[in-house]
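As the structure lists them, so they are numbered: ligands from 1, and atoms in each ligand from 1.
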Amino acid sequence: MSAVRASIRRRDLLIPIAQVKLSRDTEDLVLQVLRSGRLSQGPMVEAFEDAFRSVASVEHAIAVNSGTSALEAALMSLGLVPGDEVITSAFTFSATLNAILGTGASVRFADIGDDFCVNVASLSRLLSERTRAIVPVHLYGCPTDLFALQAVLSGSKIAIVEDAAQAPGAKVAGRSVGSFGVGCFSFYATKNLSTGEGGMVTTDDSRLAEQVRIIRNQGMRSRYDYVMPGKNFRMSEVAAALGVAQLPDLTTNNDRRRANAAQLTSALQDIPGVLLPLEPPDRHHVYHQYTVRITSTAPRLRDDLLSFLRHRGIWADVYYPRVVFDYPCYREHPLVTRDDVPVAATIAGEVLSLPVHPGVSEQDISLIARVFREGLGL
Ligand SMILES: *Cc1c(COP(=O)(O)O)cnc(C)c1O
């Protein structure tokens with residue numbers, strides 16, 4: 001116990017890359033659940049689903065036990081069969097890929113752009129009669145150019161399943177992510193909204209919503225009425241209470257992230273070889289991560305700068321060090337095609353994320369900027 005406490009105290013000296021802070025109200029609501037005697041999917045889960053619909057501006061929100069489950073349930077609800085292809089971003093967390101592989105579909109990878117999201121022109125070259133779904137990833141909280149994506153898919157029956165795990169509250173031209181097709185959110189401990197583990201599927205399509213509800217609960221339409229081999233993707237009442245209590249603060253917290261990002265951007269302007277994150281016109285970024293690129297013309301190597309920052313107590317990190325399929329378990333996977341993704345491969349060697357979560361103060365940002373410049377010899 002004392003070792004645990006000591007390590008917590010040491011971490012207090014750092015500016016962490018993510019931080020969970022729960023209010024008294026949150027504790028009270030969790031306690032209420034603990035005392036209710038009902039711990040699995042029940043009224044609190046329903047309350048969370050009902051409240052979450054407004055985040056994605058949709059009719060239906062179905063809570064599940066993780067973001068990965070949300071993606072897998074959403075993709076399963078499309079009825080994919082072996083031979084079908086799903087196209088996603090080459091630059092994402094493994095969960096996106098694992099969820100697609102879980103359905104038995106084959107995977108292709110589109111390259112990315114300066115916004116770290118799928119490049120729609122690169123993606124359009126992979127479309128074929130086998131393509132059943134696209135999984136755009138709103139990486140770091142920056143929404144994909146979804147109207148451009150819809151435009152290249154228009155007239156086809158190809159579904160959009162948004163990986164919005166990092167982007168609750170992000171918008172494109174005023175329209176919420178999670179409402180362009182089927183939306184998949186994560187409430188993992190470090191995400192913008194956290195229930196420890198948890199996820200949500202959002203859609204306006206009542207038929208798909210019904211399928212996802214069936215998949216979540218062992219393939220049952222009602223008790224012991226099995227209509228397909230399903231999963232146990234149910235959310236616990238404790239997780240739902242964490243979500244219900246924190247949901248009202250999502251916009252304020254996202255705005256704090258945006259203000260921190262703006263302050264960092266103005267403090268880090270004009271450093272040679274360093275590219276700062278973009279917020280393209282009409283896209284409302286929620287800065288799950290503030291990610292800079294330390295390019296080959298920067299005064300110091302990315303990994304050296306990373307160690308320097310950490311030694312100075314600033315917990316910067318690299319998301320993600322390689323393109324998602326560049327590991328033996330995926331490279332040799334029969335359902336994976338190793339598409340050529342030069343931009344993603346370059347960017348993976350350049351990215352460095354700096355803390356901007358709501359627990360980071362204005363003074364912290366000034367310190368981060370000062371130490372960052374110092375680390376580059378400026
Ligand atoms: C976190 C994350 C997921 C998976 O969510 P879990 O809740 O951890 O299962 C999927 N995609 C992306 C981009 C993520 O960041």
| Nearest 0.5 Å, what's the CD1-CG distance between Ile17 and Leu354? | 6.5 Å
| query | Which of the atoms in ligand 1, numbered in the order shown and given with their element, are less than 4.0 Å from a heavy-atom of Ser66? | reply | 7 (O), 9 (O)
| query | What atoms in ligand 1 come closer than 4.0 Å to a heavy atom of Gly67? | reply | 5 (O), 6 (P), 7 (O), 9 (O)
| task | State the OG1-NZ distance between Thr26 and Lys21, to the nearest 0.5 angstrom. | result | 13.0 Å
| request: Would you please classify the geometry between the Phe116 ring and the Phe91 ring as parallel, tilted or perpendicular, with 30° and 60° separating the classes? | output: tilted
| note | Ala95 heavy atoms within 4.0 Å reach ligand 1 at atoms 3 (C), 4 (C), 10 (C)
| field | Taking atom 9 (O) of ligand 1 as the reference point, the nearest protein heavy atom with its distance | value | Thr68 OG1, 2.5 Å
| said: Using a 3.5 Å cut-off on N or O atoms only, is Ala165 in polar contact with ligand 1? | reply: no
| Who's the nearest protein heavy-atom neighbour of atom 2 (C) of ligand 1, and how far? | Lys191 NZ, 2.7 Å
| message | How long is the straight-line distance from CZ of Phe147 back to CZ of Arg283, given to the nearest 0.5 Å? | response | 11.0 Å
| message | Quick check for you: to the nearest 0.5 Å, what is the distance between Leu123 atom CG and Asp339 atom CG? | response | 10.0 Å
| field | Residue from Val286, Asp255, Val55 passing side-chain contact (heavy atoms from CB on, under 4.5 Å) with Leu250 | value | Val55
| query | To which protein heavy atom is atom 15 (O) of ligand 1 closest, and what is the distance rounded to 0.1 Å? | reply | Gln166 NE2, 2.8 Å
| said: salt bridge (charged side-chain N to carboxylate O under 4.0 Å, His left out) for Glu49 and Arg216? Distances and angles first, verdict last. | reply: CA-CA 14 Å; Glu49 293 175 334; Arg216 163 177 73 174; 2.8 Å; yes
| query | Which residue and non-hydrogen atom of the protein lie closest to atom 8 (O) of ligand 1, and at what distance in Å? | reply | Tyr188 CB, 3.8 Å
| query | For atom 13 (C) of ligand 1, which protein heavy atom lies nearest, and how many Å away is it? | reply | Asp163 OD2, 3.5 Å
